[in-house]
Protein chains: 2
Amino acid sequence: MNLELRVVIRQLGLLLLVLSALIGAVALFAVYDRLAGRSVDDADLRALLTAGFVGFLCGGSLFVVGRRTSLDLLGQREALLLVATSWLFGAAIAALPFWFWSTLHGDTDNATHDFAPFVNCYFEAMSGLTTTGATVVQTIGTLPRSLLLWRALTQWLGGLGIVVLFVAVLPMLGIVSRRIYRVEAPGPSPEGVKPRIRDTARILWFIYLGLTVAEIVALRLCGMTWFNAVCHTFATLATGGFSTHDASIAGFPTIGIHIVIIVFMILAGINFGLYHLLLQRQWRSVIKDPELRVYFAIILVATVIVTASLLGNSSSTASSSDEPASFANALKHGFFQVVSIQTTTGFCSDDSDQWGFAAKATLLILMFIGASAGSTGGGIKVTRIMIAAKVLLAEIERVYRPKVVRPVKVGKATIEADLKLSTLVYLAGVVLLFAIGTILLMLLEAGNGVDITTAATASAATLNNVGPGFARVGATQNYAWFTAQSKIVMSILMLLGRLEMFTIIVLFSPRFWKTQ
Amino acid sequence: MNLELRVVIRQLGLLLLVLSALIGAVALFAVYDRLAGRSVDDADLRALLTAGFVGFLCGGSLFVVGRRTSLDLLGQREALLLVATSWLFGAAIAALPFWFWSTLHGDTDNATHDFAPFVNCYFEAMSGLTTTGATVVQTIGTLPRSLLLWRALTQWLGGLGIVVLFVAVLPMLGIVSRRIYRVEAPGPSPEGVKPRIRDTARILWFIYLGLTVAEIVALRLCGMTWFNAVCHTFATLATGGFSTHDASIAGFPTIGIHIVIIVFMILAGINFGLYHLLLQRQWRSVIKDPELRVYFAIILVATVIVTASLLGNSSSTASSSDEPASFANALKHGFFQVVSIQTTTGFCSDDSDQWGFAAKATLLILMFIGASAGSTGGGIKVTRIMIAAKVLLAEIERVYRPKVVRPVKVGKATIEADLKLSTLVYLAGVVLLFAIGTILLMLLEAGNGVDITTAATASAATLNNVGPGFARVGATQNYAWFTAQSKIVMSILMLLGRLEMFTIIVLFSPRFWKTQ
């Protein structure tokens, strides 16, 4: 069977058109801001309109080229190619507003230098769409509100895209394990698999929208402006972590805001398949979900460790927020940072880079564990960690009782041999990519005198879609100082992590492109 | 079936008796040295005799306690328990010569402080028996020749023990995969499995002895004294790395010595099952062995990378040996260090800690890859890396062609599902133990202000049985400065690595101890 490139091109064109329309919507927001009396440069507005127009041309041409095709031709390989190209080219379009804004402001304005070479804009856009939250912006306060909204919006779109992809699209096409995304196997139905994808996608979209409205209202009630509430909601639910404030959430001292954001980060890190079950009133399966329980258990245990470490190491607590080192503060920052890092959001309530080794090691481990499968969060995912742990225990028993075959179970479900192997391969892949990323960053940044902590945590924070790492990519730092080559490496790491690796790696396999 | 403790106790007693007899033999060597006119303290001699006597008492009592039993009762679980206790208690006996030597010399003599708390002696003995080569001795020159011989001998014994264990004993008992140790499945034979183990073990012993004699003669011909030739041969063939010289092999400038040691390190890193095949004149299967080919290929590629890195970074070449930074020197040190680290020997021809990042990263990767399965070398082993790589490639294809089932092959042999899974679990286990080791060392050495490079490479160098790491455990450094707790952690890491993890981990599984 030949690869049906036409259908991939058409769908990609459609996606770019949607992105361009949204850039247009942000331009409308800039117009509204100007009418409301806020200072909006002509250049700000022109940048958005140009970006939207260029995006519209790109998307439109692709759509025209691929128009004569049927969605039924979208098979497994086409779907994989579409997913990869969506993020690769989507990030290019999403980078345009930053790029034109920088170009139109010229070299005289210092603040534009953050977006000066195009690779910076691409990094920022990829960081948004993959919901990573790593930024090249050194002083966020100098950006116009329209660009801040666009940054937040890329995250929100990326988060929605990932949930729909992994819970509705890929499992139905048989590409990834249905079990870990809580998708029921579609029975033989006369309408085929496509309408089912559409139904599930629609439900997920409503859930996402509902959570968005709820958080915006909650943040507004806690005293945030509408604008900040919207931007931070976008970044929370996508587990993205872009803030409108240089100090991230540490810039909002209200305890209510911290609590609301903690709650919604936790909600965003739950498998959206479970919300789907909730809507079907299957309370029991939700409450008994093994991944959900372990997810909460990890948050609890990690919070205890980090809080204890902060109390034992009082000189380093609340270093950036000038608060006294009390139990309440240690718990507040410990809980916030644990949830922020495990869900791979990356918001900061304190400069965790100043914390003690035990707290930092815990956070680094959480980066790799990540959130639940089928959530907007990144990382390896709790369910994979569970499967790997059970396989490890089973293998230990097999050493001294080779003839006893005990099925490996998670909850009541037996893990089949295929899933066991692919889970461990996934883990090995993450470790391998992490190591390759670290080595490449060390080599590429040798001239910048980069240390191993910076290189390793930058690799981990981008691969696991977290955002901040430690040392020179710590909570109060940014990614602006890296060379262009490193930014490309990290953009690829973000994409590999976000699309769970194989979706991207297959494209480099010669057999993928061969006709069968 | 109950665990037959009695047979374990008897065999352990026997092993300790053999160790004590060897300590006695070293005492005879000290007597010979004195007769030959060399200065041998009374205390030196008394230390060895006391150690031998205490060891004899321990071994003898165990043997008496367990004497009424039959070797036929040695089943799988008993064998595992025997292996673990052999190294754990064997190291305690092997530590006695160091300990009594330090005690008998009293506190006045500064040099004895290296062996001052018993944990230092245990660390040194475990490092010897596991053929790691990490040392707590700060100035090797101050040790008497008898102790230097004993250090080298522990390595030689450890190397022999490992080869016999993994090529002859465990596969025959069905505990580890026969395939990767090149053992043929024993057919149904009237004499049972035990005589077969004895036959294979005897052949391996002859091979080991033959290589030993060959290297001693070769080193002597290159100008080493007989004593140095013997000690370095013991440390080479066991891929151990203990030297009699503070500067390790850098202290022997003759190029011939470098070449001989390189050749025998390479030979020691080859699966001893292949030598067995050679003796049966199966040339073709040896030449076509896939692990052997990849083993040589890795050495070649790594040597090219390291040599190139040394040439490009001339200021750091040959830093400790004061030689000009020429191509010949870069190649000499690059080749030597690559072979030394990949075979997990740990001899140093130069201070590799001063080398550039590319060279050091390559060496660190080699530490994890390690030598061939069934050799005296440590690390993950080349064959496991090959299986993991092939499984990874097969999984990538499975993403877009879930229905195509292609068997994973290494050479002509198909890798079965069980071996695939256990290989990946092994990799995951190594990564996990490496991470746990690093974190523990960071926490335990917080007072010593340890850096992450030191902690991570100390963890890697002990777990993979290499010896030297980087930074404060680099080529010219030692392990004396660690706290007692860290030394215990690293002793456990050495043992876990040496016995391929599961052999030790099963002992912590409650089910192992239950009657079936």
Side-chain angles (χ1 to χ4, degrees), chain A residues 75-77 79-81 173-176 356-358 360-362 364-365 368 388-389 391-404 417-418 420-429 431-432 435 438-439 442-443 446 451-453 456 501-503 505-509 511-512 516, chain B residues 75-77 79-81 173-176 356-358 360-362 364-365 368 388-389 391-404 417-418 420-429 431-432 435 438-439 442-443 446 451-453 456 501-503 505-509 511-512 516:
Chain A
Q76 283 164 334
R77 291 192 298 157
L80 286 169
L81 190 58
L173 291 174
I175 292 178
V176 292
F357 175 77
K360 282 158 82 172
T362 308
L364 190 61
I365 293 168
F368 281 94
V391 170
L392 197 67
L393 292 177
E395 277 293 306
I396 290 173
E397 189 171 358
R398 240 169 50 92
V399 173
Y400 56 95
R401 277 177 198 157
K403 280 153 206 156
V404 179
D418 270 10
K420 284 191 220 171
L421 191 64
S422 68
T423 302
L424 279 156
V425 169
Y426 191 84
L427 256 72
V431 172
L432 197 66
T438 305
I439 291 173
M442 283 297 283
L443 291 174
D451 58 303
I452 188 79
T453 306
M501 288 185 342
F502 292 113
T503 326
I505 292 175
V506 288
L507 303 185
F508 295 95
S509 159
R511 275 196 195 141
F512 177 85
Q516 264 164 317
Chain B
Q76 284 164 332
R77 290 193 298 156
L80 287 169
L81 190 58
L173 292 173
I175 292 178
V176 291
F357 176 77
K360 282 157 83 173
T362 308
L364 190 60
I365 293 169
F368 281 95
V391 171
L392 196 68
L393 292 178
E395 277 293 306
I396 290 172
E397 187 171 0
R398 241 169 50 92
V399 172
Y400 57 95
R401 276 176 199 158
K403 278 153 207 156
V404 178
D418 269 11
K420 285 191 219 171
L421 191 64
S422 68
T423 302
L424 280 155
V425 168
Y426 191 84
L427 257 71
V431 172
L432 198 65
T438 306
I439 290 174
M442 283 296 283
L443 292 174
D451 59 302
I452 187 83
T453 306
M501 285 184 345
F502 291 114
T503 324
I505 292 175
V506 287
L507 303 184
F508 295 96
S509 158
R511 274 195 196 144
F512 176 85
Q516 261 165 318

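Reminder, nothing fancy here: chain letters follow the sequence lines and each chain counts from 1.
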Below 4.5 Å from any heavy atom of chain B, which atoms of [X] appear? Answer side chain, backbone, both or neither.
X	answer
A:D451	neither
A:L424	both
A:V431	side chain
A:L364	neither
A:L421	both
A:A358	both
A:L173	neither

Residue pair B:I439 / A:F357: nearest heavy atoms and the distance that separates them:
O-CE2, 3.7 Å
Between chain A and each of B:L443, B:I365, B:I452, B:L427, count heavy-atom pairs under 4.5 Å; write down the option with the most.
B:L443
Given B:Q76, B:K420, B:E395, the one with more heavy-atom pairs under 4.5 angstrom with chain A than any other is B:E395
CZ (A:R398) and CD1 (B:I175) are apart, to the nearest 0.5 Å, by 12.5 Å
Quick one: pull up OH in B:Y426 and CG in A:L392 and give me the separation to the nearest 0.5 Å.
12.5 Å
Can you list the steps and then say if A:S509 with B:E397 is a side chain to side chain contact (heavy atoms under 4.5 Å, CB included)?
CA-CA 8 Å; A:S509 159; B:E397 187 171 0; 5.8 Å; no
Let me know if B:I396 has heavy atoms under 4.5 Å from chain A in its side chain, its backbone, both or neither.
both
Report which part of B:L432 has an atom under 4.5 Å of a heavy atom belonging to chain A: side chain, backbone, both, or neither.
side chain
